[in-house]
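Scroll down for the structure; my scribbles are underneath it.
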Amino acid sequence: MTDCCNDTASEIEKLQASTLKAVLAINLVMFGVELTAGILASSTALLADSLDMLGDSLVYGFSLYVVARNQTWKAMAAFFKSGIMLAFGLFVLVQAIYKVIYPVTPTYELIGLIGLLALVANVSCLVMLWRHRTEDINMRSVWLCSRNDVIANTAVLFAAAGVWLSASQWPDLIVGVGIACLFLRSSWHVWQDARCTWRVERVTAALNLKE
């Protein structure tokens, strides 16, 4: 019976690792594409989304490292992910303030095209991660990252439409700040999950020592 449980756990970990490798590759490619497009289009929304892709790539890489490790390691990974989300959220807010001081109207055609490509990529990642979302804290935080990406990509498309209709940077800027706020909110939720798991593991370890 124990061997059966161990075999099942091993198979789940293999499936998790395979999925994480796939979404890691997709996010690394899209980071390069969106970063280049964000610079060329002078788009805060695309830049924010590209940083999200980079952050997710780091998150997926670390998640892949801890996929077969215990809950303490997975809690540490979640703390790391929370820190990444917080850092990128603050960076985008600073960049948005700079754009307010030095305004530039972005190129809506490029924002829309790359935003649509990123949406397709992230929906693919979300579909792959869907069945793993409740397996453990590691995969739950990864799934949350992917879900946020889809929301952010949809917002980028609205930014492109808004820039086209208004001929101003404000729709793009508002979406960029919105994505940053999403980073900050997710950072808080992932940190709370990590803290809860960490405490449970510490208490369990203490009880085992007493025995």
Side-chain angles (χ1 to χ4, degrees), residues 23-62 80-127 129 141-191:
V23 297
L24 172 61
I26 291 171
N27 276 265
L28 280 175
V29 171
M30 288 308 305
F31 161 67
V33 171
E34 282 200 291
L35 178 63
T36 302
I39 294 171
L40 292 175
S42 299
S43 170
T44 300
L46 277 182
L47 180 61
D49 209 34
S50 73
L51 290 177
D52 187 23
M53 291 287 190
L54 175 60
D56 286 350
S57 298
L58 295 174
V59 164
Y60 298 149
F62 204 71
F80 176 74
K81 297 168 193 178
S82 175
I84 289 176
M85 292 176 187
L86 176 64
F88 284 132
L90 294 176
F91 177 84
V92 173
L93 289 179
V94 170
Q95 200 267 348
I97 292 171
Y98 178 85
K99 285 288 185 69
V100 171
I101 299 172
Y102 303 101
V104 177
T105 302
T107 308
Y108 66 84
E109 297 95 340
L110 192 54
I111 299 173
L113 177 62
I114 301 302
L116 182 59
L117 179 62
L119 179 61
V120 171
N122 279 314
V123 167
S124 299
C125 290
L126 189 65
V127 170
L129 291 166
S141 59
V142 167
W143 181 78
L144 283 173
C145 286
S146 186
R147 184 197 65 181
N148 290 345
D149 288 343
V150 172
I151 295 172
N153 295 149
T154 303
V156 168
L157 294 178
F158 279 107
V163 172
W164 172 55
L165 292 171
S166 67
S168 76
Q169 69 165 350
W170 286 106
D172 177 75
L173 203 58
I174 291 169
V175 168
V177 170
I179 293 173
C181 291
L182 186 62
F183 290 166
L184 299 177
R185 182 175 180 274
S186 295
S187 172
W188 172 247
H189 285 301
V190 171
W191 184 82

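Quick caveat: nothing in here was measured; it's all calculated off a predicted structure.
- Lys99 places no side-chain N or O within donor-acceptor distance of the main-chain N or O of Val94, the cut-off being under 3.5 Å.
- Between Trp188 and Trp191, the ring planes lie parallel to each other; the angle is under 30°, not in the 30° to 60° tilted range.
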Which atom pairs, one a donor and one an acceptor, fall under 3.5 Å between side chains of residues 106-115 and the rest of the protein, sequence neighbours left out?
none

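- How far OG of Ser57 is from CG of Leu51: 11.0 Å, rounded to the nearest 0.5 Å.
- Looking only at side-chain heavy atoms (C-beta outward), Val156 and Ile179 come within less than 4.5 Å of each other.
- A side chain to side chain contact (heavy atoms under 4.5 Å, CB included) with Asp149 is found for exactly one of Asn122, Leu126, Val123, namely Asn122.
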- Given the rule in the side chain to side chain contact (heavy atoms under 4.5 Å, CB included) test, do Val92 and Val177 qualify, once you have shown the distances and angles that lead to the verdict? CA-CA 7 Å; Val92 173; Val177 170; 5.9 Å; no

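- Atom-to-atom distance recorded for Leu157:CG and Leu116:CG is 6.0 Å, nearest 0.5 angstrom.
- We find the OH-OG distance between Tyr102 and Ser42 to be 15.5 Å, quoted to the nearest 0.5 Å.
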In a table with atom names and distances, give each donor-acceptor pair under 3.5 Å that connects a side chain of residues 24-39 to protein atoms at least two apart or in another chain.
{"residue": "Asn27", "atom": "ND2", "partner": "Val23", "partner atom": "O", "Å": "2.8"}
{"residue": "Thr36", "atom": "OG1", "partner": "Gly32", "partner atom": "O", "Å": "2.9"}

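- Here the closest non-hydrogen pair linking Val175 and Ala45 is CG1-CB, 3.8 Å.
- Atom CG of Leu86 and atom CZ of Arg185 lie 15.5 Å apart (nearest 0.5 Å).
- Rounding to the nearest 0.5 angstrom, the gap separating the OG1 atom in Thr44 from the CG atom in Asp49 is 12.0 Å.
- Counting only residues at least two apart or on different chains, the side chain to side chain donor-acceptor pair (under 3.5 Å) pairs with a member in residues 166-183 are Ser43-Asp172, Ser166-Ser168.
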